[in-house]
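Along the sequence shown, residues carry numbers from 1.
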Amino acid sequence: INGEQKSYAPGTGITTSYQKLVHVREQIMADTRGMFLTHGSINGRSARFLVDTGATMVAMSAADANNLGGKDGLDGEQTQVSTASGLARAWRVKLRSVKLGQLEQKNIDAVVVDGNYPEHILLGMTFLERLKVTKESGKMTLEHKMSASVAD
């Protein structure tokens with residue numbers, strides 16, 4: 001199997017399983033300003049996202065982090081980030097789960113920016129890099145082939 005050879009003694013029980021690929025697709029329509037706003041969840045709590053292919057990481061304000069249950073929103077390693085308004089103090093954090101429709105990813109790197117910026121949680125490339133993202137006629141499509149465990 002997969003280039004690996006194994007020997008089994010007579011009477012040995014063998015259990016097998018395989019991963020079936022499941023194709024998952026989510027679509028988001030642009031609003032009147034051309035922004036792709038949608039709802040999802042972070043660590044099981046409801047969140048409003050701005051899907052932003054230009055954002056390096058998932059980013060949220062300290063206020064959003066607090067609303068999501070973060071201890072003062074500042075649980076990670078302190079850093080600085082470059083925003084449209086200049087440099088800002090931030091904290092690097094690891095999100096257990098980020099979910100958008102049927103698309104869910106675990107252990108996503110993110111930053112919590114001190115203050116009330118950004119206005120919406122930016123769903124940046126630390127989430128999007130594992131997906132195929134296409135934009136066409138005011139519609140963004142996010143696609144991913146996910147494994148679904150199937151046991152025999």
Side-chain angles (χ1 to χ4, degrees), residues 1-2 15-152:
I1 299 172
N2 294 330
T15 302
T16 63
S17 66
Y18 66 96
Q19 299 288 322
K20 181 179 180 181
L21 288 180
V22 177
H23 191 84
V24 179
R25 175 185 293 170
E26 295 293 334
Q27 294 183 331
I28 306 163
M29 300 304 293
D31 66 11
T32 56
R33 297 179 299 170
M35 300 173 76
F36 293 94
L37 292 166
T38 189
H39 286 89
S41 66
I42 293 177
N43 299 340
R45 299 187 108 173
S46 181
R48 184 157 169 86
F49 297 125
L50 170 60
V51 181
D52 186 351
T53 57
T56 306
M57 300 182 80
V58 172
M60 70 185 78
S61 68
D64 281 328
N66 287 332
N67 291 336
L68 291 169
K71 180 183 173 188
D72 298 327
L74 312 173
D75 293 348
E77 173 188 337
Q78 192 170 341
T79 188
Q80 276 193 328
V81 294
S82 179
T83 71
S85 303
L87 291 177
R89 185 170 63 158
W91 288 262
R92 295 178 74 85
V93 297
K94 184 79 74 171
L95 304 174
R96 286 187 318 276
S97 168
V98 177
K99 189 170 183 179
L100 174 63
Q102 294 297 312
L103 298 168
E104 181 177 17
Q105 296 184 33
K106 308 278 187 184
N107 300 316
I108 300 296
D109 289 323
V111 290
V112 175
V113 182
D114 196 14
N116 294 320
Y117 178 85
E119 180 182 349
H120 301 288
I121 298 170
L122 301 180
L123 197 58
M125 292 309 293
T126 50
F127 180 83
L128 299 172
E129 68 190 355
R130 301 175 194 170
L131 306 173
K132 178 182 176 188
V133 180
T134 55
K135 291 186 215 176
E136 184 179 325
S137 303
K139 177 174 62 177
M140 180 181 287
T141 304
L142 307 171
E143 298 177 81
H144 187 48
K145 291 183 178 178
M146 302 173 72
S147 297
S149 295
V150 178
D152 292 333

Applying salt bridge (Lys or Arg N to Asp or Glu O under 4.0 Å) to Arg25 and not counting sequence neighbours gives Glu143
Gap between atom [atom2] of [Y] and atom [atom1] of [X] - 0.5 Å precision:
X      : Y      : atom1 : atom2 : result
Ile28  : Phe49  : CD1   : CZ    : 9.5 Å
Phe36  : Leu142 : CZ    : CG    : 9.5 Å
Met29  : Thr38  : CE    : OG1   : 12.0 Å
Leu37  : Ile121 : CG    : CD1   : 11.5 Å
Thr141 : Glu136 : OG1   : CD    : 7.5 Å
Gln105 : Leu131 : CD    : CG    : 5.0 Å

Count the heavy atoms of every other residue, nucleotide or ligand shown that sit under 6.0 Å from CD of Glu119, and state whether that count exceeds 12. no
Side chains of [X] and [Y] in contact at under 4.5 Å (non-hydrogen atoms):
X      : Y      : value
Leu128 : Val51  : yes
Val111 : Thr56  : no
Lys94  : Asp109 : yes

Nearest non-hydrogen partners of [X] and [Y], listed with the distance:
X      : Y      : answer
Leu95  : Ala110 : CD1-CB, 3.7 Å
Ser97  : Glu104 : OG-OE2, 2.7 Å
Pro118 : Ser61  : CD-N, 3.7 Å
Met60  : Leu68  : SD-CD1, 3.8 Å
Ser82  : Leu87  : CA-CD2, 4.1 Å
Arg45  : Asn67  : NH1-O, 4.0 Å

Kindly say whether Val58 contributes a backbone atom to a donor-acceptor pair with the side chain of Thr126 at under 3.5 angstrom?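 Present.
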Could you check whether any side-chain N or O of Asp114 sits under 3.5 Å from a backbone N or O of Ala90, counting only pairs where one atom can act as donor and the other as acceptor?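 No, Asp114 side chain to Ala90 backbone: no donor-acceptor pair under 3.5 Å.
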Kindly indicate, with the supporting measurements, whether the criterion side chain to side chain contact (heavy atoms under 4.5 Å, CB included) is fulfilled by Val98 and Leu123. CA-CA 9 Å; Val98 177; Leu123 197 58; 3.8 Å; yes
